[in-house]
2 protein chains.
Amino acid sequence: MAANLKPGTTKARILDTTAELFMRYGYTGTGLKQIVADANAPFGSLYHHFPGGKQELGVEVIHRSGAMYLELVLGVFDAAPDIVTGVHDCFAGAAEVLRATDYADACPIETVALEVASTNEPLREATAEVFESWIEGATEKFRAAGIDDSTARELSISVIALLEGAFVLARASRATEALDAAGKTAAAAVEAALRR
Amino acid sequence: MAANLKPGTTKARILDTTAELFMRYGYTGTGLKQIVADANAPFGSLYHHFPGGKQELGVEVIHRSGAMYLELVLGVFDAAPDIVTGVHDCFAGAAEVLRATDYADACPIETVALEVASTNEPLREATAEVFESWIEGATEKFRAAGIDDSTARELSISVIALLEGAFVLARASRATEALDAAGKTAAAAVEAALRR
DNA sequence: GAGAAACTAGATAGATCGCTCTAGCTGGTA
DNA sequence: TACCAGCTAGAGCGATCTATCTAGTTTCTC
């Protein structure tokens with residue numbers, strides 16, 4: 001966990017920089033030299049804070065980014081008057097961020113998840129844990145709105161899949177049409193579950 | 001296009017091998033040395049057939065894999081008695097392939113699409129073209145079933161996003177739960193569009 | 001203020017990256 | 001047979017990759 005870690009420290013700068021680079025260039029596409037350069041950190045510090053090297057850094061970044069993103073999305077949910085609006089706002093917000101960052105900042109771990117799924121067990125497990133935490137977080141919200149357990153979980157998985165899938169299409173096409181369409185479908189799926 | 005290309009030739013072997021490696025290891029994660037080794041091809045042949053190097057090879061692999069996958073999915077669609085069953089069968093078939101290949105063979109271009117979206121324009125455009133061809137192919141099927149144009153396109157995007165997103169979750173968790181859930185949601189979305 | 005621990009700093013090793021280069025081989029045509 | 005593309009074959013280049021190593025600096029504790 002990246003708890004009680006003072007912001008602005010070398011370690012925090014390395015983690016934040018790495019998270020950003022992972023979003024844009026992926027795991028294999030991000031070099032350690034580039035990380036320390038962008039983070040204004042000396043190379044030695046990297047291996048001091050992460051003796052396990054790139055893999056240990058990657059695991060920590062995934063957990064950290066995953067936790068931050070969960071909080072961000074739950075915040076959007078809590079600010080909305082109901083869960084249908086909440087889901088809609090998540091997709092709309094994601095579209096806005098994507099446009100503002102020239103289609104770079106989408107999901108912080110999606111690219112890494114696909115890259116490492118067949119090559120690096122510790123990293124794969126980290127991404128699986130993050131996705132599971134997102135699913136559980138969303139399931140809790142849907143259950144609280146009166147949707148039964150099994151439906152709530154299926155719905156959570158589908159909404160997250162819609163978001164992740166739309167990110168791929170949106171980044172490839174450099175357009176937010178996919179996020180708009182997926183957002184509509186996600187909201188409709190939630191409405192249908194509520195009516196059941 | 002990879003039309004009229006005899007199978008078994010050096011060029012075809014290179015293309016097929018590269019496509020498989022891209023699925024498992026992504027674009028940056030796949031080395032040219034590994035490609036020629038796996039394809040049983042000499043290094044010189046690679047640059048003879050693809051003077052533009054890795055990028056030209058990548059573009060051709062993306063177009064080729066994209067066209068093959070489109071045909072595969074349309075085949076599943078045509079074999080089904082109706083489009084709701086067709087969509088369901090696509091997700092079920094994908095789950096089966098994933099299980100059979102130890103969660104390696106999902107979408108042939110998704111990983112590459114995310115990797116190159118912010119780093120390589122020609123490759124990014126190739127992935128965007130493939131996704132657009134898939135969207136148009138699905139839209140045509142839905143329109144043929146009586147769904148209006150704009151709804152059909154939104155539905156196509158959503159179904160593809162569900163599939164791509166489920167691939168990420170399934171490969172990360174090494175389980176097909178996400179494909180099952182996304183498949184149910186996709187089928188429900190198609191049913192809803194038909195009832196409109 | 002002394003000593004230990006934490007951290008910074010960067011040169012460098014060894015492997016691998018994409019790519020270029022020159023030869024040699026093969027099959028079809030004159 | 002002579003020739004010429006098309007293709008095969010792989011050595012090797014400069015750059016870059018992750019990781020290790022030693023040394024210097026700062027910060028905290030007693």
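Labels below follow one simple rule: chain letters A, B, ... track the order of the sequence lines, proteins then strands, and each chain is numbered from 1.
Residue A/H49 qualifies as enclosed at atom NE2: its count of foreign heavy atoms under 6.0 Å is above 12.
For the pair B/K54 NZ and C/dC19 P, the interatomic distance rounds to 8 Å; values are reported in whole Å. At whole-Å resolution of the value, NZ in B/K33 and P in D/dA11 are 10 Å apart.
When distances run from any side-chain atom of B/H48 to the nucleotides D/dG12, D/dC7, D/dA19, the shortest one goes to D/dC7. Side-chain proximity of A/P42 to the nucleotides D/dA9, C/dA9, D/dT18 is greatest for C/dA9. Proximity note for A/F43 (side chain, C-beta onward) versus C/dT8, D/dT20, D/dT8: the nearest is D/dT20. Residue A/Y47 places its side chain closer to D/dT20 than to any other of D/dT20, D/dC7, C/dT8. Of all nucleotides listed (C/dC19, C/dT8, D/dT18), C/dT8 comes nearest to the side chain of A/H49.
Residue B/T30 is classed as a sugar-phosphate contact, given heavy-atom separations below 4.0 Å to backbone atoms only.
The only option from A/E132, A/E136, A/E140 that meets the salt bridge (charged side-chain N to carboxylate O under 4.0 Å, His left out) definition with A/R153 turns out to be A/E132.
Contact of the B/L70 side chain with the B/S133 side chain is registered, since non-hydrogen atoms from C-beta on lie closer than 4.5 Å.
Each of A/T28 and A/G44 was matched to the nucleotide of DNA chain D holding its nearest heavy atom; the match closer to the 5' end belongs to A/T28.
Between C/dC7 and A/T10, no contact under 4.0 Å exists linking OP1 or OP2 to a side-chain N or O.
A cation-pi arrangement is not found for A/K184 relative to A/F91, the charged atom failing to lie both closer than 6.0 Å to the ring centre and inside a 45° cone about the ring normal.
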